[in-house]
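Structure record follows, encoded as structure tokens.
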Amino acid sequence: MNIIDGKKTAAEIRSEIAEAVKEIKNSGHRVPHLAAILVGNDGGSETYVSHKVKDCEEVGFRSTLIRMPATVSEDVLLGKVRELNGDPELDGLIVQLPLPDHISEDKVIETISPDKDVDGFHPVNVGRMAAGLPSFVSATPAGIMELLKRYNIPLKGAECVVVGRSNIVGRPVSILLSQKGADATVTVVHSRTRNIAEIVRRADIIIAAIGQPGFITADMVKEGAVVIDVGTTRVDAPDTKAGWRLKGDVDFEKVAPRCSWITPVPGGVGPMTRVSLLLNTLQACRAQGKLMPVK
Ligand code: GUN
């Protein structure tokens with residue numbers, strides 16, 4: 001069994017990005033600039049956004065955090081998004097989700113300019129990605145594909161089973177894996193699938209993205225399979241300082257000995273998700289208004 005080390009890979013990519021930023025600076029251009037809008041003060045969102053700001057600092061990007069109260073009207077938020085869409089000093093724009101109930105997340109996402117939508121959530125980017133056209137790919141699917149590429153995991157003709165069909169992970173990663181160039185054979189299983197265990201057992205590569213800790217058990221995993229664990233559920237852990245720890249969708253202790261490769265939680269997909277947002281922002285900066293080919 002070998003560990004796919006997302007923490008180490010993400011650190012390598014951050015230093016590659018930092019090098020690219022130095023080159024951009026040396027050529028007399030401004031550095032990539034990401035803006036994040038944070039509405040309200042949800043604890044989880046505060047943490048995610050502070051990580052994004054810190055990541056930008058580490059690689060030499062400029063970042064701008066715009067805070068708005070939870071009571072902000074949808075019109076005011078949409079106005080801010082439109083204003084930032086038109087800001088030539090800005091490459092990437094994200095609005096941290098979830099938003100308060102009185103604001104339509106769909107409306108907000110659709111108002112972000114597709115050229116600045118480094119989350120890859122805008123229907124234009126989702127559609128372009130699905131059609132195999134240049135686009136921003138959302139961070140977790142992009143991070144998984146990069147990890148598979150950097151560990152030279154063979155995808156061509158491989159049987160991949162994606163567990164979960166969410167719009168932000170399961171569905172997009174299933175599309176990317178089956179695209180020309182990746183060439184995997186993909187099955188998506190979900191809550192209404194019959195015989196999930198039987199289907200997952202066929203997989204050369206399992207992508208577990210359902211958000212149920214320990215869902216993938218050893219009897220569901222073929223000897224020698226590659227397992228990518230996207231789950232990050234907080235479970236109570238009174239022995240830790242925080243009082244909780246992250247648990248993946250895979251029963252790591254029992255499954256790992258059967259695998260050729262496996263991602264841990266934490267330290268697998270999570271750090272790759274963070275670095276993918278930086279890669280998208282660099283791509284947005286380089287494109288200067290025109291979308292560039294996906295790598
Ligand atoms: N909330 C949880 N994950 C994300 C993300 O990737 N982007 C945004 N904008 N909000 C989130």
Side-chain angles (χ1 to χ4, degrees), residues 6 10 13-14 32-56 61 63-68 70 72 74 77-78 80-82 84-85 90-101 103-126 129 135-147 164-173 176 207 209-211 229-234 244 246 248-249 265-266 268-284:
I13 297 173
R14 279 197 302 277
H33 181 189
L34 174 70
I37 301 179
L38 176 58
V39 178
N41 43 18
D42 170 77
S45 294
E46 290 273 357
T47 307
Y48 286 130
V49 169
S50 70
H51 286 160
K52 289 169 189 181
V53 169
K54 179 176 158 283
D55 289 345
C56 283
F61 287 4
S63 68
T64 301
L65 173 58
I66 298 124
R67 287 176 174 276
M68 295 184 135
V72 72
E74 188 178 272
L77 175 58
L78 294 178
K80 191 70 194 170
V81 169
R82 288 193 193 97
L84 296 170
N85 281 342
L90 195 60
D91 302 299
L93 169 60
I94 62 170
V95 178
Q96 189 65 26
L97 306 177
L99 291 169
D101 289 345
I103 299 175
S104 158
E105 291 187 353
D106 287 345
K107 241 192 225 175
V108 171
I109 289 168
E110 286 177 36
T111 303
I112 297 173
S113 164
D115 286 353
K116 290 189 175 166
D117 168 41
V118 286
D119 262 331
F121 289 169
H122 193 289
V124 165
N125 279 313
V126 177
M129 183 276 294
S135 65
F136 292 113
V137 177
S138 62
T140 302
I144 293 169
M145 296 305 288
E146 191 65 26
L147 211 45
R165 56 179 164 179
S166 71
N167 283 342
I168 57 168
V169 186
R171 189 156 339 261
V173 85
L176 293 168
I207 313 280
I210 26 163
D229 190 349
V230 189
T232 50
T233 307
R234 283 184 182 190
W244 56 266
L246 287 183
D249 288 348
V265 176
V269 173
M272 294 300 294
T273 297
R274 281 173 65 173
V275 84
S276 295
L277 181 66
L278 298 177
L279 281 172
N280 280 353
T281 306
L282 179 63
Q283 182 188 324

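Here, residue 1 is the first one in the sequence, and each next residue gets the next number. When a ligand or atom number is given, it counts from 1 through the structure's own listing order.
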Item to check | Sorted by chain and number, the residues that approach ligand 1 to under 4.0 Å with a heavy atom | outcome: Lys52, Val95, Gln96, Leu97, Asp119, Phe121
Checklist entry - Thr273: what forms a side-chain hydrogen bond (donor to acceptor under 3.5 Å, both in side chains) with it, not counting sequence neighbours? => result Thr140
Checklist entry - What's the spacing between Ile112 CD1 and Asp117 CG if we round to 0.5 Å? => result 5.5 Å
Checklist outcome for this item: Value for OG (Ser104) from CD (Glu74), rounded to nearest 0.5 Å, stands at 5.5 Å
Item to check | Results of side-chain hydrogen bond (donor to acceptor under 3.5 Å, both in side chains) for Ser45 - residues two or more places apart only | outcome: Asp42
Item to check | Validation row: Ile37, Leu93 side chains within 4.5 angstrom (heavy atoms) | outcome: yes
Item to check | Contacts of type side chain to side chain contact (heavy atoms under 4.5 Å, CB included), residue Ala10, not counting sequence neighbours | outcome: Arg14, Pro271, Met272, Val275
